[in-house]
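Take a look at the structure below.
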There are 2 protein chains.
Amino acid sequence: MATLTVPHSIPSPQEDCEQLNKAFEGWGTNEDLIISVLAHRNAAQRKAIREAYQATYGKDLLESLLHETHGDFEKLVLLWTLEPSERDALLANEAATKWHAANRVLIEIACARSSEELFIVRRAYHTQFKRSLEEDVAAHTKGDFRKLLVPLISAYRYEGVEVNMHIAKSEAKLLRDKISDKAYSDEEVIRVLTTRSKPQLLATFNQYKNEFGNAINKELKSDPKDDFLAALRAVIRLICSPEKYLEKVVRLSLNKMGTDETALTRTVATRAEVDLKVIKEVYQSRNSVPLEKAVKQDTHRHYEDLLLALLGCEEN
Amino acid sequence: MATLTVPHSIPSPQEDCEQLNKAFEGWGTNEDLIISVLAHRNAAQRKAIREAYQATYGKDLLESLLHETHGDFEKLVLLWTLEPSERDALLANEAATKWHAANRVLIEIACARSSEELFIVRRAYHTQFKRSLEEDVAAHTKGDFRKLLVPLISAYRYEGVEVNMHIAKSEAKLLRDKISDKAYSDEEVIRVLTTRSKPQLLATFNQYKNEFGNAINKELKSDPKDDFLAALRAVIRLICSPEKYLEKVVRLSLNKMGTDETALTRTVATRAEVDLKVIKEVYQSRNSVPLEKAVKQDTHRHYEDLLLALLGCEEN
């Protein structure tokens, strides 16, 4: 499901460090060499490289990358090199402290990670920012968004497959009643979406469709420009099918009106080791063009090269 | 700070199991023997005994204890024998599913544990109940209590000592304004109490006292019978001084009008390995009588013996 490709026989972290150091040496930077190393190492291997780099050269590899690279390539290589939990903590911090109603990054992190992964992000947040994630989210949001986002990022959802059909029925009815009343931010709606397990929610949404004829997300489209409704739809889509949701993020990021590098960078960096292969398949079937091709059309040079490497296709 | 006493040289878990099995054998139960083993083993040792018991006798030690003991002694020995996180998960489950406004157990567990401990309780809750703790709390509470309790038990507070005096000042003022308006369940009040780190809250409460003359908890006493106000005071007291709060729980449990065994059992079982020594000292200085003496007056037989053993004084 991942697109990351790691060679069968990989050099030692020490050897990788030497290659990276070579890439930084002299006038100019050898981006191709950086890509050939970092784009083909998994999280544990990248961590070992960072540790070896610190031990050998007395500084953080991220610092050198920051110094030696620029623009979109820099942002992607930095984000990619981080450990997944550190990366999510960084993305969540940016999203929380510069929060605006159209930003869906907190919802992405809260809903498209396992319970254990989300907890590890919260732990990494302590270390990196000397505060808690929920503390920053609560302090920078308000009203309905705060009511939704704080429990969402504080959740530790049960992950067993057990489903209670009695609850699925009663909560499908509850959601239907609240949606009919346009009580979208009702505390019962938020309770259900933020505390129930994902399998339980899937059962509830199925029950909703069976009982009331429409998918719940269809019924939440009464005002497509309402940011809170869009946030609720994002929660539901990320719980039901993160790959489909993320395909849309990528699709919109490659819009003909201009590329959204932030969204593209984030999605590729956070999913290359997870499910980017599935996202690529969904993209291909939805757009009748391979994602790599769309990426090539919209991006350039080293940024393009690193994206393609992380997408698992470097035959360019 | 703990009262638990563990002998310098302890028998192997296997030997302890044999003693326990002997205590269960024949007609009647040898409670003294149970106490002499279990009341003098720490959490890791008790866990090893449970594992050895399962391996040797093919059943859970807790099952045998449930079968062989009765009444208050049974409740205490079962609660004590559990691992701390399992015990808290059990207590939290009882408190959530049979929730009533005067129950403070969820607040105790949320506020008198470290962030990491609280998280481990949430993980144990998944295993034991196939649901999440916040899911049960949210489903069984409502209104202001839900607004307070769900974020409280979902919190993963930052635990560093850093304090931001600017925030302490502005949030002391915020709390004062809300309290003056009797807006006790205002979402800003709940945000501050449920997300800020404990050192930060201490600074805020100190600032409150310095700036406005009264301790915040004094000002929350406008209606001593209001359960929500009492819950807020419990949160603040547990954050400022858990030992003082728990001394009061014990003191009230030993009331002359009848003993509250539930509260006494819970406090002794959850704190014997933590800070019961400090709670005893606070009790002695507050009541001019040793806690052991009060316990002896109010309790009987094996329940009394086990309480005294866990209180670290068995010279009776």
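Side-chain atoms are counted along with the backbone in the values below, which use heavy atoms only and exclude waters and symmetry mates. Please read these numbers as outputs of a predicted model, since none were measured by experiment. Residue numbers begin at 1 in each chain, while the letters A, B, ... track the order of the sequences.
- B/H100 NE2: more than 12 foreign heavy atoms inside a 6.0 Å radius.
- A salt bridge does not link B/D226 with B/K182: none of the charged nitrogens is closer than 4.0 Å to a carboxylate oxygen.
- Both the backbone and the side chain of B/R122 come within less than 4.5 Å of a heavy atom in chain A.
- Looking at B/R123, the atoms closer than 4.5 Å to chain A (heavy atoms on both sides) sit in the backbone and in the side chain alike.
- For B/Y184 and B/F228, the gap between ring centers reaches or exceeds 6.0 Å.
- Between B/E188 and B/K178 there is no salt bridge, since no side-chain nitrogen of the basic residue lies less than 4.0 Å from a carboxylate oxygen of the acidic one.
- Comparing A/R191, A/E162, A/K130 by heavy-atom pairs within less than 4.5 Å of chain B, the highest count is held by A/K130.
- Using a 4.5 Å cut-off between heavy atoms, B/E116 contacts chain A through its side chain alone, with no backbone atom that close.
- Ranked by heavy-atom pairs under 4.5 Å with chain B, the first of A/S115, A/S154, A/S197 is A/S154.
- Listed options B/R196, B/K147, B/Q200 were ranked by heavy-atom pairs under 4.5 angstrom with chain A; first place goes to B/R196.
- Taking the six-membered ring for Trp and thresholds of 30 and 60 degrees, B/F119 and A/F119 have nearly parallel ring planes, at less than 30 degrees apart.
- Of the two parts of B/E187, the backbone and the side chain both hold a non-hydrogen atom closer than 4.5 Å to a non-hydrogen atom of chain A.
- Using a 30° and 60° split on the angle between ring planes, A/Y208 and A/F212 fall in the perpendicular class, above 60°.
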